[in-house]
Structures are given as C-alpha cells and as structure tokens.
Protein chains: 2
Amino acid sequence: MMTIAEVSEKFDLSQDTLRYYERIGLIPRVNRNKSGVRNYTEEDCKWIEFIKCMRGAGLPVEVLIEYVGLFQQGDETLEARKELLIEQRNQLIMRIEEMKKTLERLNYKIERYEQAIVAKEKTLKRPEN
Amino acid sequence: MMTIAEVSEKFDLSQDTLRYYERIGLIPRVNRNKSGVRNYTEEDCKWIEFIKCMRGAGLPVEVLIEYVGLFQQGDETLEARKELLIEQRNQLIMRIEEMKKTLERLNYKIERYEQAIVAKEKTLKRPEN
DNA sequence: TATTGACTTGGAGTTAGCTCCAAATGGTAA
DNA sequence: TTACCATTTGGAGCTAACTCCAAGTCAATA
C-alpha cells in the first residue's frame with residue numbers, strides 16, 4: 001500500500017497527473033481509507049506503470065481509457081482488447097518507421113554539415129582570403 | 001511557382017497550416033505577386049517538405065523555428081545548426097528506443113491475449129460447463 | 001487545543017499546434 | 001459592370017493532455 005506521494009515519486013508522475021488519470025478512467029479507481037485518502041495497491045501500480053509506458057510511446061489517452069474500460073468488463077472483452085492492442089501496435093510500427101526514416105535523413109544532413117564546416121575552415125586558413 | 005492551393009494539395013497540409021507555418025517562421029517567408037498572393041518556389045516547397053518530415057518525427061515547432069532562423073543568418077551558423085540537429089537526433093534516437101520497447105511489450109501482450117482467447121474457447125466447448 | 005501539513009474535490013487555467021472565421025481585395029467569367 | 005471565387009490578414013477558437021488552484025478535511029504534532 002502506497003500513498004500518492006510515494007507513487008508519484010516512484011513513477012515520476014505528478015500527483016495531479018495521477019489524480020487526473022484516475023478521474024478520466026485511464027487507470028481503475030484507487031481505494032481510499034476511511035478518511036478518503038488514496039491507498040495504492042501493487043495492482044494499481046502495475047496499471048500506472050503500464051499506462052505510463054503506453055503513453056510514452058504515444059498511444060492516445062482516449063484509446064487507453066477504452067482499454068481500461070474493456071478490461072473492467074471482464075472476459076467477454078478479451079477479443080476486443082486484443083484487437084485494440086493490434087491496432088495500436090500497427091500505428092506504433094508505422095510511427096517507428098517514419099521516425100527511422102527521419103533519423104536517416106538527420107544523419108545525412110549532419111554529415112553534410114560536417115563536410116561544409118571542414119570546407120569552410122579550409123577556406124579561412126587559405127592566406128589572403 | 002505554385003499557389004497555396006497546389007502546395008496544400010501536394011503536401012497534404014491545409015492552407016491554414018501553410019500560412020501558420022510561415023507566420024511563425026517555421027518556413028521562410030514566401031514571395032507574393034503584385035496583388036499579395038503567395039507564389040511558392042521550388043525552394044519553398046523543399047522547406048515545406050523538410051519541415052513536414054521533421055514534424056512527423058515529433059521535432060518541436062519551436063526548435064525548427066530556431067533552425068530556420070539560424071539558416072537565414074548564413075554560414076556563421078553552420079556549427080550551431082549542426083549542434084541543433086545532433087541534439088534533435090539524440091532525442092529522436094531515444095524516442096525510437098522507447099517506442100521499440102513498448103512495441104515489444106505490445107507484441108508480448110497480444111500473444112498472451114491470443115493464448116487466453118484459445119484457452120477460453122476450449123473451456124466453452126467442454127460439455128456442461 | 002491550535003497548528004501544521006498531506007491529502008481531498010471540482011473546476012479553472014495552460015501549452016502546443018493547429019483550425020476556423022470575418023472582412024477585405026483582386027482577378028476572371030457572364 | 002456585376003457576380004463569383006480564391007486569396008489575403010489578424011485574431012479568435014479548438015483539442016489533447018496535463019497543471020494549477022481554492023476551499024475543505026483529517027491525522028499528527030507542539
């Protein structure tokens with residue numbers, strides 16, 4: 001059992017973000033003690049870690065909310081959840097591909113800059129010019 | 001020479017986005033004809049294509065504005081531009097790495113779902129249960 | 001008992017990156 | 001000439017995803 005302060009620290013997510021995630025259903029509701037204070041279980045932490053990971057890869061909040069919703073409906077939604085994940089995987093693969101291409105382009109561009117800088121330095125060293 | 005309508009079509013960017021990019025300095029200023037209408041050159045198109053590519057990989061608008069600004073200052077900024085690109089390349093590499101890990105995780109999760117679904121179907125077919 | 005400090009809530013505010021709008025203009029077709 | 005259409009501008013509005021705030025509650029400490 002952890003407090004929101006500890007969970008915030010552990011996952012490097014602000015307390016506000018943790019409350020926000022819960023409010024919008026991005027993580028299942030966290031239990032409170034008698035005085036209304038959140039008590040995060042291991043299970044809650046796993047959700048948070050999972051969501052943080054997926055968000056970090058750019059999966060939209062909206063889609064993850066849907067996933068959590070399906071999960072809470074039980075085994076009837078196994079297929080739907082699988083389909084959702086497959087769709088997101090496809091998107092992710094495409095984004096990675098796009099980024100890899102851009103990376104190649106950046107590599108090339110940087111190389112060209114290095115050449116240009118060397119060429120410029122040579123020019124400067126040439127006497128009377 | 002192309003009109004904004006043609007450029008918009010060609011790069012699949014709205015006319016509003018093209019004007020917006022120019023307004024904020026994300027692409028250099030485009031020349032107008034006597035009546036103030038934009039006339040995009042080949043050069044302009046190359047900038048647009050470059051910016052679209054970099055934005056697609058998630059480079060922030062702010063950083064790209066800086067790059068364009070440096071470019072317009074001429075050869076004095078070769079080194080600064082190179083450094084800027086290297087920094088962005090590093091960020092990009094990290095993001096790709098993160099996404100790849102998430103992709104692996106999604107693959108694993110989907111596999112587990114497939115197993116779970118098969119298991120569930122077997123259960124359903126067992127008589128009287 | 002009074003104060004402190006972590007926590008709660010609902011709601012407002014912020015940021016990045018567009019997207020839309022209204023009013024004005026200029027070229028072209030009927 | 002009149003009507004139409006694409007374009008212009010500055011500025012307002014929008015969406016996603018937080019982030020901040022004020023007012024209130026509770027447990028623990030001085």
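Not measured: the values here are computed from a predicted model. Order of the sequence lines sets the chain letters (A, B, ...), proteins ahead of strands, with each chain counted from 1.
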> Would you find a donor on one side and an acceptor on the other, under 3.5 Å apart, between the side chain of A/Q88 and the backbone of A/L59?
Replying inline: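 Checked: no pair found.
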Any side-chain heavy-atom pair from [X] and [Y] closer than 4.5 angstrom?
X     : Y      : answer
A/F50 : B/R105 : yes
B/F71 : B/T77  : no
A/T41 : A/M1   : yes
B/V37 : B/T3   : no
A/R19 : A/D16  : yes
A/E49 : A/K10  : no

Residues 107-114 of chain B, side-chain donor-acceptor partners within the protein, below 3.5 Å, at least two apart:
residue : atom : partner : partner atom : Å
B/N107  : OD1  : A/R89   : NH1          : 2.7
B/N107  : ND2  : B/L103  : O            : 3.4
B/Y108  : OH   : B/R112  : NH1          : 3.1
B/Y113  : OH   : A/Y67   : OH           : 2.6
B/Y113  : OH   : A/R81   : NH1          : 3.0

Return the polar atom pairs (N/O with N/O) between nucleotides 17-20 of chain D and the protein under 3.5 Å, or none.
residue : atom : partner : partner atom : Å
D/dC18  : OP2  : A/Y21   : OH           : 2.9
D/dC18  : OP2  : A/R55   : NE           : 3.0
D/dC18  : OP2  : A/R55   : NH2          : 3.3
D/dT19  : OP2  : A/T17   : OG1          : 3.3
D/dC20  : N4   : A/D16   : OD1          : 3.2

Looking only at non-hydrogen atoms, find the nearest pair between [X] and [Y] and report the distance.
X     : Y     : result
B/S8  : B/L13 : OG-O, 2.7 Å
B/I65 : B/I24 : CD1-O, 3.3 Å
A/F11 : A/C45 : CZ-O, 3.6 Å

> Can A/K46 and A/E43 be said to form a salt bridge (charged side-chain N to carboxylate O under 4.0 Å, His left out), step by step?
Replying inline: CA-CA 5 Å; A/K46 276 182 191 156; A/E43 184 76 353; 5.2 Å; no
> B/I24 has an atom CD1; how far is it from atom C1' of D/dG10, in whole Å?
Replying inline: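 Between C1' of D/dG10 and CD1 of B/I24: 15 Å.
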>> Does A/D44 form a side chain to side chain contact (heavy atoms under 4.5 Å, CB included) with A/M2? I'd like the steps, not just the answer.
In response: CA-CA 10 Å; A/D44 293 327; A/M2 302 172 83; over 6 Å; no
> For residues 42-52 of chain B, which residues have at least one heavy atom under 4.0 Å from DNA chain C?
Replying inline: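 Those residues: none at all.
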>> Whether A/K101 and A/E104 form a salt bridge (side-chain N of Lys/Arg under 4.0 Å from carboxylate O of Asp/Glu) is what I want to check.
In response: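 Looking at A/E104 and A/K101, the cut-off is not met.
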>> Can you pull out the residues from residues 87-100 of chain A that lie within a 4.0 Å heavy-atom distance of DNA chain D?
In response: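 Per residue number, the list is empty: none.
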>> Of all nucleotides in DNA chain C that come within under 4.0 Å of a heavy atom of chain B, which is furthest toward the 5' end and which toward the 3' end?
In response: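 Footprint of chain B along DNA chain C, 5' to 3': C/dG17 to C/dG27.
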> When you look at CD of A/Q72, are more than 12 heavy atoms from neighbouring residues, nucleotides or ligands closer to it than 6.0 Å?
Replying inline: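 Yes, because the 6.0 Å sphere around CD of A/Q72 holds more than 12 heavy atoms from other groups.
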Do any N or O atoms of the protein come closer than 3.5 Å to N or O atoms of nucleotides 6-8 of chain D, and which pairs are they?
residue : atom : partner : partner atom : Å
D/dT7   : OP2  : B/Q15   : NE2          : 3.4
D/dT8   : OP1  : B/R38   : N            : 2.8
D/dT8   : OP1  : B/R38   : NH1          : 3.0
D/dT8   : OP2  : B/R19   : NH1          : 2.6
D/dT8   : OP2  : B/R38   : NH1          : 3.4
D/dT8   : O5'  : B/R38   : NH1          : 3.2

